[in-house]
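First comes the structure, then the notes that go with it.
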Amino acid sequence: MALASIHAAPITKSKEEAEKLMQSTDSADMTRVGPGTVMGTMMRQYWLPACLSSEVTADGDPLRLMILCEKLIAFRDSSGRVGIMDHRCPHRCASLFIGRNEENGIRCVYHGWKFDVDGKCVDMPSVPARMDFKDKVHAKAYKTHEANGLIWVYMGENQSAPPPLPEIEATMHPDAEIWCLQRDCNWLQALEGDIDTSHVGFLHVGSIEADDLDEDHPMRPTVLNRAPDYEVAQADWGVMYGGYRPNDDGQMSWRVAHYMFPFWTQTPNNRFATRAIARAWVPMDDEHSMLFDITCGVDAGNPAYTSTLKDGTPLFAPLEYAPTTTGWFGRWRSPDSEKNDWAIDRESQRNGTQFTGIPNITMQDQAVTESMGPITDHSFENLAPTDQMIARVRRRVLLAARALANKGTLPPGIEDPSIFYRARAGSFLHDPSDTLANAYESALAKAVRWPDKVEAAE
């Protein structure tokens with residue numbers, strides 16, 4: 001699996017070097033995703049989750065999408081094909097969102113020009129037949145692919161020959177569970193919440209004692225030791241870490257997680273052997289991101305979301321959604337935000353019902369990452385030894401994006417999408433004398449995998 005040694009040269013040796021690394025140019029290159037930006041160009045090399053299959057129906061309403069600072073619409077035509085294109089009609093720039101989705105195409109209501117899912121103009125009824133030039137007009141349309149409840153979009157320049165889809169295990173299961181949530185902050189700080197394992201013992205289970213949990217509960221080692229040690233290693237697909245703590249049965253408890261290019265995480269809050277997870281933090285624009293949480297497995301749900309205390313009390317409250325609207329930021333929103341202090345219950349915080357006073361685990365993450373502001377000021381940070389995964393991921397993604405911009409070097413996974421399949425996250429117990437690499441390979445060999453490959457993008 002080509003893990004690099006964790007004893008490689010450290011990211012920074014001093015506060016001065018850290019400040020230099022995170023100077024404004026570096027921060028901008030990592031967080032800005034519009035057309036022509038360093039990070040936006042890198043992300044456009046990949047297939048990106050765009051929406052759920054259930055969000056568009058044949059000849060149904062067009063759907064507004066904001067992806068990488070581009071305003072797009074998605075629609076499903078009469079034959080079931082999905083089109084994703086710039087929302088502006090290439091005639092006079094009226095929005096195709098208010099267009100008519102009919103007879104295998106989207107028709108602009110301004111002058112009646114009609115476009116198929118590939119962006120080809122198929123009808124120009126407002127122009128006399130002798131002057132018709134529809135064969136020369138195309139809407140800016142992107143390649144799409146649909147599989148296992150998810151619609152993907154490729155926004156790169158090579159629309160005639162896109163790369164294969166990434167072979168991410170959870171996305172390849174036909175019965176995967178998928179849910180979404182919009183977050184009002186930059187994609188990077190949203191993603192970093194998933195690769196920061198030391199926060200779990202406080203933000204999520206800070207008020208729980210070990211005796212509150214069954215002995216085999218995956219959160220129990222975290223409660224027993226809220227300050228774990230780490231190993232971090234570069235991997236073909238990005239970066240991985242293992243947070244480790246001695247368990248009270250003499251074994252070593254590992255919580256292994258991954259960053260995968262360009263914005264995927266695999267979190268450790270599930271059982272490594274039986275459940276696969278993938279979480280995409282798709283940038284909508286520089287200050288909003290859309291989470292796609294995709295899981296599959298043989299056990300009853302993700303323990304972090306659905307498990308209970310020993311007495312049967314749910315560990316976390318269910319996630320709630322605000323009513324959907326048709327605006328650019330109207331989908332998959334929480335009713336709680338900075339406007340109502342994320343519905344924090346101070347009495348619950350004081351009496352220990354919830355360490356944060358926020359009962360849902362996802363909203364606990366949402367509150368802290370949104371509270372940093374739309375884009376975190378990295379120069380204000382003081383990273384700790386337990387933040388080495390954060391530092392390593394920032395460096396990895398920044399170097400890859402700049403290598404593409406400066407040298408044309410393709411980032412990981414474009415030419416070989418199978419590298420993503422070798423990543424699996426979760427918690428497990430192992431021999432305390434072994435290394436991360438050996439512990440990971442041992443757990444991977446015993447895990448239940450879903451080997452069916454996603455069909456190649458056409």
In terms of side-chain heavy atoms, does [X] have a donor or acceptor partner in [Y] at a distance below 3.5 Å?
X	Y	result
Q266	W237	no
H288	Q182	no
S348	Q354	no
H430	W254	no
R183	T369	yes

Kindly indicate whether the side chain of [X], heavy atoms from C-beta on, has any atom under 4.5 Å from the side chain of [Y].
X	Y	answer
V256	F428	yes
R44	P35	yes
R449	L444	yes
D336	Q366	no
L291	W281	yes

- Message: Just verifying a value: how many Å separate T31 OG1 and R394 CZ, rounded to the nearest 0.5 Å?
- Response: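 With rounding to 0.5 Å, OG1 (T31) is 10.5 Å from CZ (R394).
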- Query: How long is the gap from CG on L188 to CD1 on I390, to the nearest 0.5 Å?
  - Reply: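 The distance works out to 8.0 Å.
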- Item | Close aromatic pair by centroid cut-off 6.0 Å: F261 and Y259 |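 Under 6.0 Å, so yes.
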- Show your reasoning for whether side-chain hydrogen bond (donor to acceptor under 3.5 Å, both in side chains) applies to S78 and D59. CA-CA 5 Å; S78 310; D59 291 336; 2.7 Å; yes
- Task: Any side-chain hydrogen bond (donor to acceptor under 3.5 Å, both in side chains) involving residues 314-330? Give me the pairs, sequence neighbours left out, ordered by first then second residue.
- Result: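 Residue pairs passing side-chain hydrogen bond (donor to acceptor under 3.5 Å, both in side chains), neighbours aside: none found.
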- Query: In terms of the angle between their ring planes, are H258 and Y440 parallel, tilted or perpendicular, with boundaries placed at 30° and 60°?
  - Reply: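 The rings of H258 and Y440 stand perpendicular, inter-plane angle above 60°.
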- Task: Could you tell me which residues satisfy salt bridge (charged side-chain N to carboxylate O under 4.0 Å, His left out) with E287, sequence neighbours excluded, listed by chain and number?
- Result: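 Scan of E287 (salt bridge (charged side-chain N to carboxylate O under 4.0 Å, His left out), adjacent residues dropped) gives none.
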- Stepwise side chain to side chain contact (heavy atoms under 4.5 Å, CB included) test for Y142 and L48: CA-CA 11 Å; Y142 291 125; L48 316 175; over 6 Å; no
